[in-house]
Amino acid sequence: MDAVSAEGVRVIAIDGPAGSGKSTVARRLAERLGLEYLDTGAMYRSVAFAAMAREVDLADSEAVVELARTSDIRVEDTSVIVDGVDATTQIRGPEVTRSVSTVAAISGVREMLRVRQRAWVMERGGGVLEGRDIGTVVFPDADLKVYLSASAHVRAARRAGEVSALDYETVAADLAARDAADSSRQHDPLAQAPDAVHIDTTDLSVDEVVDDLIARLG
Ligand code: CDP
């Protein structure tokens, strides 16, 4: 399928690094607009989870692509089910978090998930999608493209607050490593689309960001 949003389909693309506020903003914006919300990072995390569960070596890209093609991945609002197993907690755990950028760097995996993401939108007639390449690659013709950022310190502090088992230093180091991998990979790296609205959320509340986006939609 072409990366073109069909007529009447309302797509909002939100990209940015970890801890920039994407998930919270995307979820609240979707609620306010009466649209559904898709966390595409959860899909990449689900493939990393499936590889872990099936003991697939991440260096074997063909095997990982096959998992992306065949795994039954259900990303719902509050749960993620992978091949019938509730992976909601584990996909956010340290093991998946450390391996997900390797999985996401495989172009075949991206291709498989991109197809699923576009199908998800077409089935619903639109939606709010958040990730790393939504405005640049998955929906370059989205009705609104947003790139969220925040200082490295604030992003790590937000994430450390969410994952209470990990200390700030560990989270900050993991985030920096993941940012570097996601921004420098060959295929669909994390990048701001030239026509995306850039919002630095360092000193903004979620509602301030969402109000700003709603105003832009007119
Ligand atoms: O929640 P957080 O921002 O920490 O990460 P995530 O959105 O769950 O995404 C996890 C990982 O999936 C990222 O670090 C990227 O490697 C990958 N990803 C991607 O490559 N493309 C997307 N559209 C979404 C996520």
Side-chain angles (χ1 to χ4, degrees), residues 3 11-27 37-52 58 61 64-65 67-68 73 75-76 78-80 82 87-118 120-121 127-140 142 145-150 152 154-163 166 170-193 196 201:
V11 178
I12 294 160
I14 303 187
D15 292 302
S20 57
K22 294 187 306 291
S23 299
T24 326
V25 166
R27 198 182 288 269
Y37 147 75
L38 181 62
D39 171 1
T40 65
M43 299 174 84
Y44 287 91
R45 287 174 179 273
S46 294
V47 177
F49 170 82
M52 206 170 80
L58 297 186
S61 3
V64 183
V65 173
L67 280 180
I73 298 171
V75 175
E76 306 292 345
T78 53
S79 67
V80 176
V82 181
T88 315
T89 308
Q90 262 179 296
I91 62 157
R92 309 275 166 214
E95 216 174 328
V96 167
T97 299
R98 288 204 185 104
S99 63
V100 66
S101 288
T102 305
V103 167
I106 304 171
S107 68
V109 169
R110 308 200 64 80
E111 210 174 296
M112 294 299 156
L113 297 188
R114 202 154 55 228
V115 168
R116 293 184 188 216
Q117 290 155 13
R118 289 181 185 149
W120 182 93
V121 163
V128 179
L129 289 85
E130 57 116 333
R132 301 290 189 288
D133 62 342
I134 309 303
T136 49
V137 178
V138 185
F139 282 104
K145 297 191 208 179
V146 185
Y147 187 86
L148 298 183
S149 65
V154 161
R155 295 193 292 110
R158 285 175 183 161
R159 197 43 58 90
E162 287 163 13
V163 189
L166 294 176
T170 309
V171 172
D174 278 358
L175 272 196
R178 203 142 56 87
D179 281 354
D182 290 343
S183 307
S184 65
R185 70 180 174 222
Q186 190 187 349
H187 308 286
D188 318 336
L190 166 66
Q192 181 182 341
T201 70

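As the structure lists them, so they are numbered: ligands from 1, and atoms in each ligand from 1.
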Protein contact to atom 23 (N) of ligand 1 [nearest heavy atom, distance to 0.1 Å]: Asp133 OD1, 2.8 Å
N or O pair under 3.5 Å between Arg178 and ligand 1: yes
If I apply the N/O under 3.5 Å rule, does Tyr44 come out as touching ligand 1? no
Report yes or no: does Ser183 contribute a side-chain atom to a donor-acceptor pair with the main-chain N or O of Ala180 at less than 3.5 Å? no
Short question: side chain of Ser99, backbone of Ala48 - any donor-acceptor pair under 3.5 Å? no
State, with a plain yes or no, whether a side-chain heavy atom of Arg132 is found less than 4.5 Å away from one of Asp188. no
Is it true that atom CD of Gln192 has more than 12 heavy atoms of other residues, nucleotides or ligands lying nearer than 6.0 Å? yes
Between Arg114 and ligand 1, find which residue part has any heavy-atom pair under 4.0 Å and reply side chain, backbone, both or neither. neither
If we only consider heavy atoms of Gln117, is any one of them less than 4.0 Å away from an atom in ligand 1? no
Would you mind listing which atoms of ligand 1 come within a distance below 4.0 Å of any non-hydrogen atom of Lys22? 3 (O)
Based purely on interatomic distance, does Thr40 place a nitrogen or oxygen under 3.5 Å from a nitrogen or oxygen of ligand 1? yes
At what distance is the nearest protein heavy atom to atom 8 (O) of ligand 1, and which residue and atom is it? Arg45 NE, 2.6 Å
Below the 3.5 angstrom mark, is there an N/O of Asp182, backbone or side chain, next to an N/O of ligand 1? yes
Heavy-atom nearest neighbour in the protein, as seen from atom 22 (C) of ligand 1, with distance rounded to 0.1 Å: Arg132 N, 3.3 Å
Quick check on contacts: which atoms of ligand 1 are under 4.0 angstrom from a heavy atom of Arg92? 8 (O)
On a heavy-atom basis, the closest approach of Val25 and Ile14 is CG1-CD1, 4.2 Å
Report the part of Ser101 (side chain from C-beta onward, or backbone N, CA, C, O) that has a heavy atom under 4.0 Å from ligand 1; answer both or neither where that applies. both
Those atoms of ligand 1 less than 4.0 Å from some heavy atom in Ala104: 16 (O), 17 (C), 20 (O)
Among all protein heavy atoms, pick the one closest to atom 2 (P) of ligand 1 and tell me residue, atom and distance. Arg159 NH1, 3.5 Å
Do Asp15 side-chain atoms and Gly135 backbone N/O form a donor-acceptor pair below 3.5 Å? yes
Going by heavy atoms, is Arg110 under 4.0 Å from ligand 1? yes
Donor + acceptor pair across side chains of Thr97, Arg45 (<3.5 Å): yes
Regarding Arg27 and Asp39, does a basic nitrogen lie under 4.0 Å from an acidic carboxylate oxygen? no
Side-chain donor-acceptor pair under 3.5 Å between Ser23 and Glu130, yes or no? yes
Closest protein heavy atom to atom 9 (O) of ligand 1, given as residue, atom name and distance to 0.1 Å: Gly41 CA, 3.5 Å
Run the numbers on Thr201 and Arg158 for side chain to side chain donor-acceptor pair (under 3.5 Å), then give the verdict. CA-CA 12 Å; Thr201 70; Arg158 285 175 183 161; 3.1 Å; yes
